[in-house]
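What follows is a set of notes on a single structure, which appears directly below.
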Amino acid sequence: LYRRDPSGWRGCRSTSEVAVSWRPSAEFAGNLYRGEGILPASPSDVWECIKPVAGGLRTKWDQNVKDFEVIEAINDTVSVCRTTTPSACMRIISPREFVDVVVTKQYEDGTMQSAATNVEHLLCPPQPNLVRGFNYPCGCFCIPVPG
């Protein structure tokens, strides 16, 4: 739905490589944020860098992701995952953990998607030195473009 609805987005940051925009959420008291960019790579290579899998490349390039683990694989496309983040702003922001149900999907046009939202899981109680964060519905799209 968000991918197909261009209305209401306001630009907040832009470089030659990425544009970030926002708009008020219709579902909660806050804003939605969207980052977009075109990378000179195949969609499958880009997807390898962003897909939510344990031992994936995300923890190697994203300094905001310290660890990513699968708590339970429901099936080939749905899993419960925990993401931990390091402290930030000279430790003013404590390290966090997020537990989400994640779904991945590939569409007929070659688009790849991961979507997630917060969930509680018996196999993943809060850890003592981490603040339990809460994710609203979120996700990533990797959309092929001509060329």
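What's counted below: heavy atoms across the whole structure, side chains too, no hydrogens, waters or symmetry copies. The first residue of the sequence shown is numbered 1, and numbering continues consecutively from there.
Considering every non-hydrogen atom in both D67 and T59, the closest pair reads CA-CG2, 4.0 Å. Contact between A73 and S79 at its shortest, heavy atoms only, is CA-CB, 4.1 Å. In terms of heavy-atom proximity, W22 sits nearest to C12 at CD1-CB, 3.8 Å. Minimum interatomic distance between S94 and R96 (heavy atoms only, all atoms of both residues): O-CG, 3.3 Å. In this structure, R10 and P24 approach most closely via the heavy-atom pair NH1-CD, 4.4 Å. Annotation for E97 and T84: closest pair CB-CG2, 4.0 Å, computed over non-hydrogen atoms.
Side-chain heavy atoms closer than 4.5 Å link hydrophobic residues (I, L, V, M, F, W, Y) into clusters, and following such links, possibly through other members, connects V99 to V78. Hydrophobic cluster membership differs between F134 and V65, with clusters built from Ile, Leu, Val, Met, Phe, Trp and Tyr side chains linked at under 4.5 angstrom. A continuous path of ILVMFWY side-chain contacts below 4.5 Å connects V101 to I74, so both sit in one hydrophobic cluster.
Side chain of S114 to main chain of K51: no donor-acceptor pair is present (N/O by atom type, distance under 3.5 Å, no hydrogens or angles). Checked by atom type and distance alone, the side chain of T15 pairs as donor or acceptor with a backbone atom of E17 at under 3.5 Å. A side-chain donor-acceptor contact under 3.5 Å links W61 to the backbone of C49. Side-chain atoms of R82 do not come within 3.5 Å of backbone N or O of I71 as any donor-acceptor pair.
With a 6.0 Å radius and a threshold of 12 heavy atoms from other residues, nucleotides or ligands, L57 has its CG atom above the threshold.
The distance from atom CZ of F98 to atom CZ of R132, rounded to the nearest 0.5 Å, is 10.0 Å. One distance of note links CG of N31 with OG of S21; it measures 11.0 Å at 0.5 Å rounding.
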Let me check something: any side-chain donor-acceptor pairs from residues 120-130 under 3.5 Å, sequence neighbours excluded? List them with distances.
| unit_1 | atom_1 | unit_2 | atom_2 | d |
| --- | --- | --- | --- | --- |
| H121 | ND1 | L123 | N | 3.0 |
| H121 | NE2 | E72 | OE1 | 2.6 |
| Q127 | NE2 | P125 | O | 3.0 |

Donor-acceptor pairs under 3.5 angstrom involving side-chain atoms of residues 135-147: please list them, not counting sequence neighbours.
| unit_1 | atom_1 | unit_2 | atom_2 | d |
| --- | --- | --- | --- | --- |
| N135 | ND2 | D100 | OD1 | 3.4 |
| N135 | ND2 | D100 | OD2 | 2.9 |

Steps toward side chain to side chain contact (heavy atoms under 4.5 Å, CB included) verdict (W9, R34): CA-CA 9 Å; W9 293 99; R34 175 177 71 181; 3.2 Å; yes

Derivation and outcome, side chain to side chain contact (heavy atoms under 4.5 Å, CB included), residues V70 and V53: CA-CA 7 Å; V70 175; V53 295; over 6 Å; no

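Applying the side chain to side chain donor-acceptor pair (under 3.5 Å) rule to N75 yields the partners T77; only residues at least two apart in sequence or on another chain are considered.
A 4.5 Å side-chain heavy-atom check between R13 and V18 finds every atom pair outside the cut-off.
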